[in-house]
Amino acid sequence: MELSHVSTCARFHHIHPCPTPLSFPIFPRVSTTTSSSGRGSQRSSAAAGTPALIDIPCNDAQKSGAVDAQRRHSKPYLARKDAILQVQQSPHLDSALQRLGGVLKVQDLNVILRNFGQQSRWQDLFQLFDWMQQHNKISASSYSSYIKFMGTSLNPAKALEIYNNIPDELTKTNVFICNSVLRCLVRNGKFDSSMQLFRKMKHNGLIPDAITYSTLLAGCMKVKDGYSKALDLVQELNHNGLQMDSVMYGTLLAVCASNNQCEEAQSYFNQMKDEGHSPNIYHYSSLLNAYASGGNYKKAEELVQDMKSSGLVPNKVMLTTQLKVYVRGCLFEKSRDLLVELDTLGFAKDEMPYCLLMDGLAKVGRIDEARSVFDEMKGKCVKPGGYSYSIMISSFCRGGLFEEAKELAAEFEAKCDKYDVAICNAILCAYCRAGEMESVMRTMRKMDELAISPDYNTFHILIKFFCKEKLYMLAYQTMEDMHRKGHQPAEELCSSLIYHLGKIKAHSEAFSAYSMLKYSKRTMCKAFHEKILHILIAGKFLKDAYVVVKDNAKFISPAAIKKFAKSFVKLGNINLINDVLKVIHASGNKIDQHNQLSSASQRLFQMAVSRYIAQPEKKDLLLQLLQWMPGQGYVVDSSTRNLILQNAHLFGRQLIAEILSKQHMMSKALKSH
DNA sequence: GGTTGCTTCA
């Protein structure tokens, strides 16, 4: 079935195939020149001061200097350096390693490893690391670099595999390696796993450093409850005698912003300044982003002024964030003005600022204006990508413009080939709302091919659609998938599916859907238990019905309980009949609500007794029942008594006589009362 | 001899 197919696809298979670079430079690139950050240059100058073998730029201007340097070095050193260059440039890594591997030391191989990683040559990286492992030319640094690149190449499963297979326990708690693994998980959205692993690492002897905490803090940004998790981490790092630095404050501000903790962001910003860190553009834009969540444009404008007077110039992100503030505050005129300003500064070359505005307009129902921003963006030759399409498709869906949504989805499919789960959800939603079954199935196949894991929304969209199309079993299977993937379906959806499953007599599926909801953490409407009870009784799933009654008797009406009791005593497992009667009695639902001697309750006991008589080997159960009854104020009626007496030889005449006389006395007492 | 964290969108 398509569905299980979709849901079983593992995102970890998602290796970005590395195209062999056709235009691979003849001279090796200087790895650090790709980074414009101060840190990159720091690193390169530090490295240049040591005899370590790093990539040497080979442009003409530097050639003569390089020759001078070469004269000062020993022969083996030059041979190694040459070997590094050759391996890096060789189109045949295998043979190059075969030829030159013997000359290269572990640190030389690490240089090559990092070079491959920086150039995103994942296939070569993989091959080299493999070779290093096989030839036992590997160090802790090799692991930390390699795992780091597994993070950037979006392959956390591989990184974990490498980490777990490190043979030496001590190496496994090397803080650099641990930091790399944790970063890899965080970057790939696996914050919970990273925290779990972090605990394990500490247990095994890791002494975390500031970088460790900084890495984990960054993971708090996109998880629910991220703010309190961040606070826990800050507390822990302080407890370990570590201090927050400027970058950590930047991360913490970003966490505040994404968790709508506007005032906290402001107070950390001040605290940071008090501790002598001067805020940079990151700190300002994170705080600005925090103001956006409250639509606090006055404070935002003050902050931008403050930043300008401190000598910082607002960059693209800063201004875009300011646009977000205006949009969130529904100040669409100001938003438009700022968009013009961004455009003039050359900061509106990608879809982002347009997306912000479109999204804000669409969310307040101004779909026509959102559409015209979208068209304006296209007119300016800004290439729309998944974000803008998904905003527009979703808002058309929300606004009931299903045909237009469908057309836009098709347009995206025709024009773009970059898919992720969000755009897929938008497309699915459009096709579902337009009732295009073929296109829905095609999109699911596409997700499967592209190894895009369905998320909570995907499942919801599909289940709703399948219900609408009356494909209830398919809807049920999708819900099963959803549950297996750890998502909890919303109650209304579950409830409606259960209702329909009951209607088509898929009783056991209905119960299974009920159980998924029940054992999830979501709250469940009280009436739900009674609903499923009726379905289970109809399907003769009386044992399951018994469990439902036992656990939820207080939420179920007396009428439904009575119906259940009748069905169970008549058709349920004979060994459980007494238990069922006791549970119903104990729940406060007297076997007959108003009168223990009512005919309804007597019919129930009669039915139980006749079942026991039909199976004499269950005589102990009958005796237990008869002995239990008078204590609770129940007695058998005369016809049942006669029935028992007729079969008394099966149970022991003496005993039966004693029990029945006890019941008889009870009956007289009740009547006189 | 090696690690690292921060800002905008669905």
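Chain letters run A, B, ... following the sequence lines, proteins first and then strands; every chain starts at 1.
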Lys202(A) and Glu236(A) ion-paired at < 4.0 Å
yes

Mind calculating the distance between CE (Met352(A)) and P (dA10(B)) to the nearest angstrom?
9 Å

Is_stacked (Tyr282(A), dC6(B)) at 5.5 Å, 30 deg:
yes

Length of the CG-C1' vector between Leu253(A) and dC6(B), whole Å
8 Å

Asp209(A) has its side chain closest, among dT3(B), dC6(B), dT8(B), to dT3(B)

Report yes if at least one side-chain N or O of Asn179(A) is closer than 4.0 Å to OP1 or OP2 of dT4(B); otherwise report no.
no

Any idea which of dC6(B), dA10(B), dG2(B) is nearest the Asp359(A) side chain?
dA10(B)

Where the side chain of Ser145(A) is defined as all heavy atoms beyond and including C-beta, which of dT8(B), dG2(B), dC6(B) is the nearest nucleotide?
dG2(B)

Which listed nucleotide (dA10(B), dC6(B), dG2(B)) is nearest to the side chain of Phe176(A)?
dG2(B)

Integer-rounded Å distance: dT8(B) C1' and Lys349(A) NZ:
17 Å

Report which part of the nucleic acid Lys105(A) touches: base, sugar-phosphate, or nothing (heavy-atom distance under 4.0 Å, all strands).
nothing

Give Ile391(A) one of three labels, base, sugar-phosphate or nothing, depending on what nucleic acid heavy atoms sit under 4.0 Å from its own.
sugar-phosphate

Given dT8(B), dT7(B), dT4(B), identify the nucleotide with an atom nearest to the side chain of Ile211(A).
dT4(B)

Inspect the contact between Arg336(A) and Glu369(A) and indicate whether a charged nitrogen and a carboxylate oxygen are less than 4.0 angstrom apart.
yes

Once you round it to whole Å, what is the distance between C1' of dT7(B) and NZ of Lys222(A)?
11 Å

Checking Lys485(A) against Phe459(A): charged group under 6.0 Å from the ring centre and within 45 degrees of the axis?
no

Please determine, for the side chain of Asn174(A), which listed nucleotide (dT3(B), dG2(B), dT7(B)) has the closest atom?
dG2(B)

Touch check for Thr321(A), heavy atoms < 4.0 angstrom, all strands: base, sugar-phosphate only, or nothing?
sugar-phosphate

Nearest to the Ser180(A) side chain among dT3(B), dC6(B), dG1(B), which nucleotide is it?
dT3(B)

When we call it a touch if two heavy atoms are under 4.0 Å apart, what does Met358(A) touch: a base, just sugar-phosphate, or nothing?
nothing

Euclidean distance, atom CG of residue Leu303(A) to atom P of dT7(B) [Å, nearest integer]:
16 Å

Across the strands shown, which category fits Ala254(A) at heavy-atom distances under 4.0 angstrom: base, sugar-phosphate, nothing?
sugar-phosphate

Regarding Glu376(A) and Arg371(A), does a basic nitrogen lie under 4.0 Å from an acidic carboxylate oxygen?
no

Closest to side chain of Arg328(A), choosing from dA10(B), dT3(B), dG2(B)
dA10(B)

Could you check whether Asp350(A) pairs with Lys316(A) (Lys NZ or Arg NE/NH1/NH2 to Asp/Glu carboxylate O, under 4.0 Å)?
yes

Can you check the Met318(A) CE to dC6(B) C1' distance for me, whole Å?
14 Å

Salt bridge between Lys172(A) and Asp168(A), side-chain N to carboxylate O under 4.0 Å?
no

Side chain of Lys324(A) only, heavy atoms from C-beta on: which candidate in dA10(B), dT7(B), dT8(B) is closest?
dT8(B)

Tyr284(A) OH - dC6(B) P separation (whole Å):
21 Å

Which nucleotide in the list dT8(B), dG1(B), dT4(B) gets nearest to the side chain of Lys148(A)?
dT4(B)

Within this structure, what is the CE-to-P distance between Met307(A) and dC6(B), rounded to whole angstrom?
20 Å

